[in-house]
Amino acid sequence: QVQLVESGGGLVQAGGSLRLSCAASGRTFSSYVMGWFRQAPGKEREFVAAIRWSAESTYYADSVKGRFTISRVNAKNTMYLQMNSLKPEDTAVYYCAAVPSGVVFRVPQAYDYWGQGTQVTVSS
């Protein structure tokens with residue numbers, strides 16, 4: 001059973017930084033794609049970033065490119081999202097997700113496993 005547990009959310013002022021973590025367990029993730037999504041109140045869940053567990057290939061939404069960095073540490077089975085230059089519009093619940101795939105998907109429906117989410121609030 002795959003389990004994903006996010007941590008690291010919180011309240012930060014605009015221009016600040018946060019680092020989210022996603023601890024994964026229950027599988028060998030070498031053939032997985034891992035992603036970060038977010039959902040603001042009243043909005044659909046949207047793609048933020050993704051990474052192939054077995055490679056350094058990374059993918060970002062245009063809205064976060066240059067500000068957010070996705071990474072993973074294989075030995076810890078943990079994925080990270082470093083968020084810099086945060087804006088009020090980044091406020092949302094952030095979810096990590098996983099799918100066994102060689103293709104990177106940007107839609108939430110493609111992912112099989114989800115964490116419980118962590119709240120990020122950016123004040124102006």
Side-chain angles (χ1 to χ4, degrees):
Q1 177 103 12
V2 172
Q3 287 192 322
L4 304 174
V5 179
E6 304 99 332
S7 61
L11 173 64
V12 64
Q13 288 188 332
S17 299
L18 282 174
R19 189 178 78 157
L20 305 183
S21 300
C22 174
S25 62
R27 287 285 191 278
T28 300
F29 292 94
S30 58
S31 61
Y32 277 61
V33 168
M34 308 290 290
W36 286 100
F37 289 78
R38 66 186 181 186
Q39 189 166 18
K43 294 189 177 181
E44 294 186 351
R45 193 166 298 190
E46 65 174 1
F47 172 79
V48 174
I51 188 168
R52 297 178 194 269
W53 198 265
S54 61
E56 293 294 337
S57 305
T58 56
Y59 307 82
Y60 296 95
D62 288 344
S63 59
V64 306
K65 199 173 296 183
R67 300 188 297 122
F68 291 11
T69 303
I70 189 172
S71 63
R72 85 274 184 267
V73 175
N74 290 350
K76 295 185 177 181
N77 262 11
T78 301
M79 176 176 67
Y80 301 97
L81 186 69
Q82 178 66 42
M83 305 185 295
N84 298 329
S85 302
L86 282 161
K87 305 176 181 179
E89 51 264 44
D90 294 318
T91 295
V93 177
Y94 283 69
Y95 298 90
C96 68
V99 59
S101 174
V103 177
V104 173
F105 298 102
R106 294 175 179 247
V107 292
Q109 295 87 340
Y111 287 76
D112 294 334
Y113 305 101
W114 292 87
Q116 82 287 351
T118 185
Q119 177 71 47
V120 172
T121 303
V122 185
S123 63
S124 57

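We're numbering straight along the sequence, starting at 1. Quick note: numbers below take in every heavy atom, side chains included, and nothing from hydrogens, waters or symmetry partners. Note that this is a predicted model, so its numbers are computed, not measured.
For the pair R52 (side chain) and S57 (backbone), a donor-acceptor distance under 3.5 Å is absent. With hydrogens and angles disregarded, no donor-acceptor distance shorter than 3.5 Å links the side chain of T58 to the backbone of I51.
Sorted by first and then second residue, the ring pair (Phe, Tyr, Trp, His ring centres under 6.0 Å) pairs with a member in residues 81-102 form an empty list; sequence neighbours excluded. Applying the salt bridge (charged side-chain N to carboxylate O under 4.0 Å, His left out) test to residues at least two apart or on different chains, the pairs with a partner in residues 22-41 are R38-E46, R38-D90. The ring pair (Phe, Tyr, Trp, His ring centres under 6.0 Å) pairs that include a residue from residues 65-87 number zero, where partners must be two or more places apart or lie in different chains.
Atoms CD and OG, on E89 and S124 in that order, are 10.0 Å from each other to the nearest 0.5 Å. Annotation: the span from R67 atom CZ to Q82 atom CD amounts to 12.0 Å, rounded to 0.5 Å. Between the CZ atom of R72 and the OH atom of Y32 there is a distance of 16.0 Å, given to the nearest 0.5 Å. With values rounded to the nearest 0.5 angstrom, M34 atom CE is found 8.0 Å from N77 atom CG.
There is no path of hydrophobic side-chain contacts, each under 4.5 Å, that joins F37 to L81. Both I70 and V120 belong to a single network of hydrophobic side chains, linked directly or stepwise wherever heavy atoms of I, L, V, M, F, W or Y lie under 4.5 Å apart.
Of all heavy-atom pairs between C96 and M79, the closest is CB-CE, 3.6 Å. Here the shortest heavy-atom pairing between W53 and N74 reads NE1-OD1, 3.2 Å.
Evaluation of the side chain to side chain contact (heavy atoms under 4.5 Å, CB included) rule for D62 yields K65 as partners, not counting sequence neighbours.
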Which donor-acceptor pairs under 3.5 Å do side chains of residues 7-26 form with protein atoms, sequence neighbours excluded?
residue: S17; atom: OG; partner: N84; partner atom: OD1; Å: 2.9

Under 3.5 Å, side-chain donor or acceptor atoms of residues 98-116 against the rest of the protein: list the pairs with distances, not counting sequence neighbours.
residue: S101; atom: OG; partner: V103; partner atom: N; Å: 2.8
residue: S101; atom: OG; partner: V103; partner atom: O; Å: 2.8
residue: R106; atom: NH1; partner: Y60; partner atom: O; Å: 3.1
residue: Y111; atom: OH; partner: F105; partner atom: O; Å: 2.7
residue: W114; atom: NE1; partner: Y111; partner atom: O; Å: 3.4
residue: Q116; atom: NE2; partner: E6; partner atom: O; Å: 3.2
residue: Q116; atom: NE2; partner: E6; partner atom: OE1; Å: 3.4

